[in-house]
> 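This is the structure I want to talk about, given as structure tokens.
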Amino acid sequence: MRYISNTPAQQKEMLATIGASSIEDLLVRIPPKARLSRPLNLPRAMAETDLVRHLQRLAGLNAAADDYACFLGAGSYDHAIPSPINHLISRGEFFTAYTPYQPEASQGTLRSIFEYQTMMAELTGMDVANASIYDGASSLAEAALMAHSVTGRDSLVISRGVNPLYRQVVETYVEGPGLKLKSAPLGDGLTDVDALRKVLSKHVAAVVIQYPNFFGCLEDVRGVADIAHEAGALLVVVADPINLGLLTPPGASGADIVVGEGQGLGVPMSFGGPNLGVFAAKQELVRRMPGRLVGATVDVDGQRGFVLTLQTREQHIRREKATSNICTNVALCALMATIYVSILGKRGLRKVGELTTAKAHYAARELGKIPGVRLRFSAPFFKEFTLQLPKSPERVIKRLMKDRVLAGVPLKGFDRTYKDCLLVAVTEKRTKEEIDAYAVALATAVA
Amino acid sequence: MHAAKPAYDKLIFELSAPGRFAYSLPDSDVPDSDPAALLPKEHLRASAAELPEVSEVDVIRHYSRLSQMNYGVDTHFYPLGSCTMKYNPKINEDMARLAGFARLHPMAPEAASQGALQLMHELGRDLAEISGMDEVSLQPAAGAQGELAGVLMIRAYHLARGERRHKVLIPDSAHGTNPASTALAGFSVVELKSEANGDVDLVDLERHLDEDVAAFMITQPNTLGLFESRIHQITEMCHAKGVQVYMDGANFNAILGITRPGDLGFDVCHFNLHKTFTTPHGGGGPGSGPVGIKAHLAPFLPTPVVVKGPDSNAGGYALDWNRPQSIGKLQAFWGNFGMLVRAYTYIRTMGPDGLRSVSENAVLNANYILKRLEGDYDRSAPGPCMHECVLSARRQKRLGVTAMDIAKRLLDLGFYAPSTYFPLIVEEALMIEPTETESKETLDQFCDAMIQIARETESSPQVIHDAPLTTPVRRLDQTLAARQPVLRWRPSP
Amino acid sequence: MANVPAELKYTREHEWAKVEGDRARIGITAFAQEQLGDVVFVELPKVGARVTAMKTFGVVESVKAVSDLFAPVSGEVVEANADLPKSPELVNTDPYGKGWMLVIRMSNPKEMDGLMSAADYEKLVADGGH
């Protein structure tokens, strides 16, 4: 077995040193009736070439974005991944290292996380960011718990513009602490601020909106921030950091906590995971933040170094009083994002936003020209938009697969109000040719 | 003598030069590309984010130099107890990067995701067989999320039976995520005393078992590396009071093909794919924490559940959302699929005999280390250990050398340190888990180093107190980092 | 020789209390700060908050541990040490002096009688602190 180095001869030597006659002697504490009396019923070991062939076959059954024009969004995006990222994160010292608890032997990881924290703080316009949570949804759930802990209030108002899958994760997380969730409805694609005011009270710990929201519409973050703060509640904004190279960061509009999905920053879509949960907050909230934090310090020679800090909030010390139960961060995905942001840089990230804007608006115009097809909302949008179709979106999607187009995410499963709608995402990768071909195919499909 | 080192001490921001860039983006190929004309002014960023401006060479060189400041399994023996730092096979990486997996969007139509769904379904069945459980959810993103899912399912189970139970019993030897996850699920944690060797104190357990207890959570083998041999008795005691039993699967590397939680009476267990199943640790994540359950908990599984059946996509695979009693979701999509591919590839590579020999060799290696070191360090318990052993540096502490000092000295001698100060019930604990992928030569080198340190403790402890000397930085001021947290880079004024 | 000032009263959780008229000044003991290591942060209630004897009123954090703080007596917080946020190390260097934490206007001064004397606390520490 190529991953096990010891030869039978060495195993014998080791047993002799231990003073055991066989490995069975070492398993003596396991009672006989606990022992598995048969081999595991699993497929036999496969040689590498056979295994590769098997997995290539499975992979070949999937509509990958290399073979189809991908207009799918809803929390995962086909943004371009620059070539250096994979080479760098595949270095064994990065991907086979452990959590940097021995900082002297982990400065590579610690420094890159410090850079990552800086970049996320910059993009979101907040004072401090942590070393990442699992994904955007669990980040939001952690923000909900944090708002409760900071304010002492036990309910939250979540706009209907927030990704419904994220809402489901928050519901799961607040079950234990017994927090209540209320909703603020939308009006023409944006959070209805009058309805929001009515549902606020002194029991609301935070208002949550998404920017751009699930339907692609650009919320009035400043307006909602003022309303939330008037009621003594925090404002939590869910934002995709790659968009913030161009868009106004929520921190500049009054957000207290910003969370979101960082997958667009160089992390492969990979059928929904692993992802990158961004979490950033204002300075005064730093000791309540969940997750790891890397801080700068010096060593005994006065040399700059980096360590995990404020660890007493975390599970391995605080145990049941921890700010959260989180133990890992998604370090390797955070590293992908750090390298991505380094490559794109100050101007490149803005340019990604500009291209995204141009292509999404072009697509919305061209698709909107098709008879029977219209934009569902009139609010300004970014990267995604919601199309209302004259025929069933599910049927349209199936038809367009034949044209090698992944047309969009049907919204019926999320909210029956939008059962005739399709959520279309257009990133900087979509070419005019792809968009034109989509328009032609869609026109045929709905005719 | 401090070895002179040209220490690389740059952050990417410090390499910036205005106008330098590393990206390659095409010009817009659509008309009307000015965002100012397309978006209202208030949505456009007033000033650019302070991000680096570097060339591609800068990026490659900087991150390559950073990587050289890390110890990884690829370069160093990494005996962290309870972390299972085994070799991460490279074929797993290749398979995870196949375009049909890496470039697949989670919302692609199910009929066009059959390969991914099949892989998930088969992996779920494999893990069920390995653990003796009935069903597995692959959704939790890490072990701690798996624990949360498991405890929430137990909670839902009791509520569905009309019972509201408030307490969960956890031994004082448990990993911190156990009480943290339990508290998050809304239970109060009752800490039970363990015996000195980490065994469950049956008297304390009996005293605490009542109908207000929802669950008992233990790690098997326990966190001292010993198999709890009275496990059947324990699970029976719990079930007699309607208490569900949860197994923390962090130590699964000890029992593959040897015993199974499902056969020991456990109702729930979680897996750490980034431990036993070789998905890489990545410097702290991402992990993946699937959770296995017995059939009575199936109604409460997180949604969606990957199913195979005559009704789904013409005999193929589908995501089943119709689960009215589900505890909900732990993350937005279906699981850390990229890690699931790696674990699947590993299980298919090893096969049943391979997996069994993993545990046999893991146990052999840990006992070999225990034998070679028991003369110089205190054992925490008598008898053979399983895949990890816990030593106490109690003797060394009396001479002024702590477990932390020993860890730092090991870094100088070319090894990553074992876990220290866990479990909490062992004084100056050193928890050593070699894993099965290490050779006898490596184990001997490690033991020689540990023995050398024991000698140095007696004859020349200063070299231990000064350690590490050869790493890129020496001991760091943790107090300063916590008193005056500096959590981001800022440009010099 | 333990550092246990004779004129103070003590709790089993290693807080000290000093009577100042109808008020009590409180902090943690030399033994407590030694066990904790370098203190990095102290979380205290605001002036005006109420505290209850033997219930937690805040938290003291060191690099490796965090401990709840228990009020020796009940009452209203009239002063909280404004130096501690900037200089938490005062708890280590001068736990009975500049490292004080709160001044409480006692609602029930008789609670002081239930606290340990210096001699009893010294014995507790000698026995290992539990």
Side-chain angles (χ1 to χ4, degrees), chain A residues 5 10 14 26 29 39-40 44-45 58-59 61-65 72 88 91-93 95-97 99 104-105 107-109 118 122 134-135 137 165 168-169 172 176 268 270-274 295-297 299 305 309 315-316 319-320 322 325 327-328 330-332 343 346 348 357-358 362 432, chain B residues 22-23 28-30 33 35 49 51 63 66-67 69-74 98-100 102-106 112 114-115 141-142 144 176 179-181 183 185-186 189 227 229 280 282-286 328-329 331-333 336-338 351-352 368 384 439-440 471 473-474 476 481 486 488-489:
Chain A
S5 303
Q10 287 177 315
M14 292 165 71
L26 304 174
R29 279 180 65 100
L40 289 169
R44 294 186 55 216
L58 285 181
L61 296 175
N62 305 321
L72 302 175
L88 289 167
R91 291 179 70 97
E93 300 92 325
F95 90 92
T96 68
T99 305
E104 302 87 347
Q107 286 297 295
T109 297
T118 306
E122 269 300 309
Y134 311 119
D135 74 337
L165 295 173
Q168 286 183 46
V169 173
T172 299
S270 205
F271 202 49
T297 184
D299 76 358
T309 191
Q315 52 74 29
H316 58 291
R319 298 172 74 86
E320 70 268 17
N325 71 335
C327 184
T328 51
V330 290
L332 203 65
I343 292 171
K346 201 168 189 163
T357 306
Y362 176 72
K432 179 174 184 295
Chain B
Y23 62 86
S28 177
D29 56 358
V30 297
S33 298
L51 301 175
Y63 289 101
L66 286 192
S67 79
M69 293 199 243
N70 269 5
Y71 286 27
V73 174
D74 275 6
L98 289 174
R103 302 277 294 128
L104 179 64
H105 190 284
Q114 288 294 297
S181 304
V189 174
F227 191 85
S229 47
K329 297 185 100 312
Q331 55 170 333
F333 297 116
N336 283 358
F337 182 76
Y368 182 72
S439 67
K440 178 175 179 296
T471 47
V473 296
R474 298 185 54 207
L476 293 156
V486 173
R488 53 160 296 171
W489 175 85

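Chain A is the first sequence line, chain B the second, and so forth, proteins listed ahead of strands; every chain is numbered from 1.
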> With sequence neighbours left out, what residues match S67(B) under side chain to side chain donor-acceptor pair (under 3.5 Å)?
R91(A)

> Between G282(B), G328(B), A22(B), G351(B), who has the most heavy-atom pairs with chain A when the cutoff is under 4.5 Å?
G282(B)

> Please check if the side chain of R29(A) supplies one atom and the backbone of F227(B) the other of a donor-acceptor pair under 3.5 Å.
yes

> Return the option, out of P268(A), A63(A), A97(A), G305(A), with the maximum number of heavy-atom pairs under 4.5 Å with chain B.
A97(A)

> Would you say S439(B)'s side chain and S5(A)'s backbone share a donor-acceptor pair under 3.5 angstrom?
no

> Shorter than 4.5 Å, heavy atoms on both sides: which option in T96(A), T357(A), T172(A), L61(A) has the most such pairs with chain B?
T96(A)

> Using a cut-off of under 4.5 Å for heavy-atom pairs, which of G186(B), G283(B), A112(B) has the most such pairs with chain A?
G283(B)

> For chain B, which of G295(A), A137(A), A65(A), P39(A) has the most heavy-atom pairs under 4.5 Å?
A65(A)

> What residue in G72(B), S33(B), G115(B) has the most heavy-atom pairs under 4.5 Å with chain A?
G115(B)

> Are Q331(B) and N336(B) side-chain neighbours, meaning at least one heavy-atom pair lies under 4.5 Å?
yes

> Within this structure, what is the OG1-CG distance for the pair T309(A) and L476(B), rounded to the nearest 0.5 Å?
11.0 Å

> Roughly how far, to the nearest 0.5 Å, is CD1 of I343(A) from CG of L51(B)?
13.0 Å

> As an exercise: rank P106(B), A142(B), G338(B), G100(B) by heavy-atom pairs under 4.5 Å with chain A and give me the winner.
P106(B)

> Do you know the tightest heavy-atom contact between G284(B) and A331(A)?
N-CB, 3.7 Å

> Quick check on the interface: out of A296(A), S270(A), G92(A), who has the most heavy-atom pairs with chain B under 4.5 Å?
S270(A)

> Can you tell which part of A102(B) gets under 4.5 Å to a heavy atom of chain A, answering side chain, backbone, both or neither?
both

> Highest number of heavy-atom pairs under 4.5 Å with chain A: which of L104(B), V73(B), L66(B)?
L104(B)

> Which residues satisfy the ring-ring contact (aromatic ring centres under 6.0 Å, His included) test with Y71(B), sequence neighbours excluded?
H76(B)

> Under 4.5 Å from any heavy atom of chain B, what part of L88(A) do you find: side chain, backbone, both or neither?
side chain

